[in-house]
Amino acid sequence: MFSKILIANRGEIACRVIRTARRLGIKTVAVYSDADKNALHVEMADEAVHIGAAPSAQSYLLIDRIVDACKKTGAQAVHPGYGFLSEKREFQEALAASGIAFIGPDAHAIQAMGDKIESKKLAKAAGVSTVPGYLGVIADDSEAVTIARDIGYPVMIKASAGGGGKGMRVAWNDEEAREGFRSAQNEARSSFADDRVFVEKYIQQPRHIEIQVLADGQGTALYLGERECSIQRRHQKVIEEAPSPFLDAATRKAMGEQAVALARAVDYKSAGTVEFIVDAERNFYFLEMNTRLQVEHPVTELVTGLDLVELMIRVAAGEKLTLRQEDIHLHGWAIESRVYAEDPFRNFLPSTGRLTHYRPPSEDPHVRVDTGVYEGGEISMYYDPMIAKLCSWGSTRDAAIARMREALDQYYIRGVSHNIPFLASLMANQRFVEGRLTTNFIAEEYPTGFHASDLPPEEPAVLIAVAAVIHRCLNDRDIQITGKMPGNKIRVRDDWVVVMDGTQHPVHVHPTDGSPQRIGYTVDLEGRHHVVWSDWTLGQPLFRGTVNGAHVCVQVDRVGVGYRLSHSGSQALVKVLTPNAARLDALMPVKAPPDMSKFLLSPMPGLLVSVAVTEGQEVKAGEVLAVVEAMKMENILRAAQDGTVSKVHATPGSSLAVDQKILEFA
């Protein structure tokens, strides 16, 4: 066994590897860029080595810097995590040349499976079912159109070296094939320094299901069940679960055996994942193999009881697997939600900045939080905006969903926008609850984007009652002020008006006998009694308790003279006023927001790649106006309606802030 390993990564996956290494008694070395000098993985590791500037091309992607860090610290092995150098053959070879073990497969397997074109050829030769398509390198957009016509629309255009949704486009006609080819090629060149693109048939109503494999290179190769990864946005996974609610035992076995056959075909060693597209009839087709640890590996760990990072380390150290296929059993159900710093109400634009408050839910056998951030830390513009992977486990799928909904309510994040409201909406979506999933799920269920109306409907009385109790507690404290004149007893009123989202709700609030550790109030609202119990104390961001016996967790923020309450992903601005103040409040005018309809605003922080129009030019609805790149993804901005460009406010190459003006229309 190794005595010291280096983690060639950052963020939550670096912290994840460090936790297992600690448990095994292995010392760890972190590497970090300028942007990560105060990062959590640096603090957790036994040692840390600075490797360069903030951009990953000047730090985490520099093989020689990682190798030098190993030599300086005496690290015997490197765990690459996922992304960055994890699937670079040259990295494994450089480590091997220096006598450093790579905690992953060898260079042959990485190279064979890292190229989507070559991997499909190998899969076909190994007897693995593959999607019809053209696997040759395509010269230009005209050839892409010709090939797409031969295959038959719709087609998927993909970068050969792609991953993470980058360099992927679906085309339904010749025009989309041309544009998709050019965009996929540009993204591939930017993200992977490899602009080769191929085309294959697009399977409609598909599910994305992957098989976790594990092999020791000494004759044992296993499959550890599957993960359902169909809930995706722009080809990037949002929710993953294990097992799949769709597969039966026979299909699971067939997919697992084909995945193992492919692993054996390339003499695979370590943990890896074989991804499949599965149609409505449970026919499955090979998509790609990831020769590394997957982002969503925790759900497999939760249902198998295995630590995949530990097994990877042991295999890399030369140990033989003691498991057999018959030893692998799936227990219960696990779900993972990817918590990102992004604004779901603004088309999921990335959000950067400091986490002014960060309190994840408590971990227990039912809840797991894999994170690489902390309160006061920063979400950097240079890397993936993931905050954490929130996982839940239950004996059944319904139980796992219920645990996830509770955990999302308890996840308190301030300082950056986050996608928890969207995740809460997914968990409450009836189609998701029923397990009727495809990779088109989000596009079909949220066709115009995500809006407040998509959030799960909640009983308004719950938040009204909680708001009334919170305000009553504050008033109860205020009357305890010292220095009062003798005989001047202050009494807290019982009658209030809760103003929530502009609607007034008269309430009567009176205490209920309880204990010093719990507060109890009865809130009379519209002829009904609502009994509220809680151990909440003033200043806590989470109000945990029961309303009429049902458990609730409401996030509480003080906003001016009122409160912002968050529950099940939704937010409500609330004021609790005296009846007279409520009467006057109803007379207050509402300030109208400024009219920005004549401007094209940058929807995200990013780089202005190009401007396709000039001042004085007439444009038609749907015409391309500009291209903004963010997180190495190109975003095409189109005209919403016909008009004339009166002024260009930004030039290509400019760094844009959110809502910065790009164009102005007459």
Next item on the list: Can you label the angle between the His471 ring and the Tyr563 ring as parallel, tilted or perpendicular, going by 30° and 60°?
Entry: perpendicular
Margin query: For the NE2 atom of His235 and the CD atom of Gln232, what is their distance to the nearest 0.5 Å?
Written below: 8.0 Å
Note to self: If we ignore hydrogens and angles and just use 3.5 Å, is the side chain of Trp536 paired with the main-chain N or O of Gln540 as donor and acceptor?
What the structure shows: yes
Notebook entry, point to check: Do the charged groups of Asp364 and Arg403 touch, with an N to O distance under 4.0 Å?
Noted result: no
Check: Which value, rounded to the nearest 0.5 Å, describes the distance between Tyr153 atom OH and Asp174 atom CG?
Finding: 3.5 Å
Check: Do other residues, nucleotides or ligands put more than 12 heavy atoms under 6.0 Å from the CE atom of Met596?
Finding: yes
Check: Judged by modelled atom types alone, do Arg346 and Ser417 share a side-chain donor-acceptor pair under 3.5 Å?
Finding: no
Checklist line | Minimum-distance pair of heavy atoms, taken over all atoms of Arg354 and Gly376 | finding: NH1-O, 2.6 Å
Margin query: Any carboxylate oxygen within less than 4.0 angstrom of a Lys/Arg side-chain nitrogen, looking at Glu87 and Arg292?
Written below: yes
Next item on the list: Look at the aromatic rings of Tyr60 and Tyr383 and report parallel, tilted or perpendicular, splitting at 30° and 60°.
Entry: perpendicular
Checklist line | Residues Asn290 and Tyr82: side-chain donor-acceptor under 3.5 angstrom | finding: no
Item checked: Where Pro365 and Trp393 come nearest, the two heavy atoms and their spacing -> O-CB, 4.1 Å
Check: Are Arg234 and Glu342 within salt-bridge range, i.e. N to O under 4.0 Å?
Finding: no
Next item on the list: Please name the pair of heavy atoms, one in Glu363 and one in Val369, separated by the smallest distance, quoted to 0.1 Å.
Entry: OE1-N, 3.2 Å
Margin query: Distance to the ring centre below 6.0 angstrom and angle to the axis at most 45 degrees; does that hold for Arg397 and Phe432?
Written below: yes
Next item on the list: State, with a plain yes or no, whether a side-chain heavy atom of Glu228 is found less than 4.5 Å away from one of Leu247.
Entry: no
Item checked: Enclosure of Gln641 CD (heavy-atom neighbours >12, cutoff 6.0 Å) -> no
Next item on the list: State the CG-NZ distance between Leu656 and Lys661, to the nearest 0.5 angstrom.
Entry: 13.5 Å
Next item on the list: Measure the shortest side-chain to side-chain distance between Arg405 and Ser568 over non-hydrogen atoms and say whether it is less than 4.5 angstrom.
Entry: yes
Notebook entry, point to check: With a 4.5 Å heavy-atom cut-off, do Ile239 and Ser337 have their side chains touching?
Noted result: yes
Note to self: Determine whether a donor-acceptor pair (N or O, by modelled atom type, separation under 3.5 Å) exists between the side chain of Glu226 and the backbone of Ser244.
What the structure shows: yes
Notebook entry, point to check: Taking the six-membered ring for Trp, is the centroid-to-centroid distance between Phe665 and Phe599 below 6.0 Å?
Noted result: no
Check: Judged by modelled atom types alone, do Thr396 and Asp398 share a side-chain donor-acceptor pair under 3.5 Å?
Finding: no
Check: Going from CG on Leu287 to OG1 on Thr273, what distance comes out if it is rounded to the nearest 0.5 angstrom?
Finding: 12.0 Å
Check: For the residue pair Ala612 and Val624, what are the closest heavy atoms and their distance?
Finding: CB-O, 3.5 Å
Notebook entry, point to check: Tell me, do Leu463 and Met500 make a side-chain contact under 4.5 Å, heavy atoms counted?
Noted result: yes
Checklist line | Contact check, side chains of Pro421 and Leu455, non-hydrogen atoms, under 4.5 Å | finding: yes
Check: Phe181 ring centre to Arg169 NZ or CZ under 6.0 Å, with the angle to the axis within 45°?
Finding: no
Next item on the list: Write down the atom of Tyr374, the atom of Ala39, and the distance for their closest heavy-atom approach.
Entry: CE2-C, 4.2 Å
Item checked: Audit row: Glu296, Arg338, salt bridge (Lys or Arg N to Asp or Glu O under 4.0 Å) steps and yes/no -> CA-CA 9 Å; Glu296 57 272 16; Arg338 299 192 185 190; 2.9 Å; yes
Next item on the list: Using atom types as modelled and distance alone, determine if a side-chain donor or acceptor of Ser654 lies under 3.5 Å from a backbone N or O of Thr651.
Entry: yes
Next item on the list: Check whether any side-chain N or O of Glu12 sits under 3.5 Å from a backbone N or O of Gly372 as a donor-acceptor pair, and report yes or no.
Entry: no
Notebook entry, point to check: Glu664 side chain to Lys598 main-chain N or O, any donor-acceptor pair under 3.5 Å?
Noted result: no
Notebook entry, point to check: Quick one: does Leu437's side chain get under 4.5 Å of Arg207's, heavy atoms only?
Noted result: yes
Notebook entry, point to check: Heavy-atom distance under 4.5 Å between the side chains of Ile442 and Ile231, does that happen here?
Noted result: yes
Notebook entry, point to check: What are the two closest heavy atoms between Val576 and Val498, and how far apart are they?
Noted result: CG2-CG2, 4.3 Å
Note to self: Check Lys389 with Glu301, please: is the shortest side-chain N to carboxylate O separation under 4.0 Å?
What the structure shows: no
Next item on the list: Measure from the side-chain N and O atoms of Asn429 to the backbone N and O of Ser425, and report whether any donor-acceptor pair falls under 3.5 Å.
Entry: no
Note to self: Could you check whether Glu444 pairs with Arg436 (Lys NZ or Arg NE/NH1/NH2 to Asp/Glu carboxylate O, under 4.0 Å)?
What the structure shows: no
Note to self: Working to the nearest 0.5 angstrom, can you tell me the gap between Phe422 CZ and Tyr340 OH?
What the structure shows: 12.0 Å
Next item on the list: Please determine, by modelled atom types, if His297 and Gln212 share a side-chain donor-acceptor pair under 3.5 angstrom.
Entry: no
Checklist line | Gap separating the CD1 atom of Ile335 from the CD1 atom of Ile401, nearest 0.5 angstrom | finding: 4.5 Å
Check: Above 12 or not: heavy atoms from other molecules or residues under 6.0 Å from CD of Glu175?
Finding: no
Note to self: Quick one, Pro243 and Trp333 - any side-chain contact, counting heavy atoms below 4.5 Å?
What the structure shows: yes
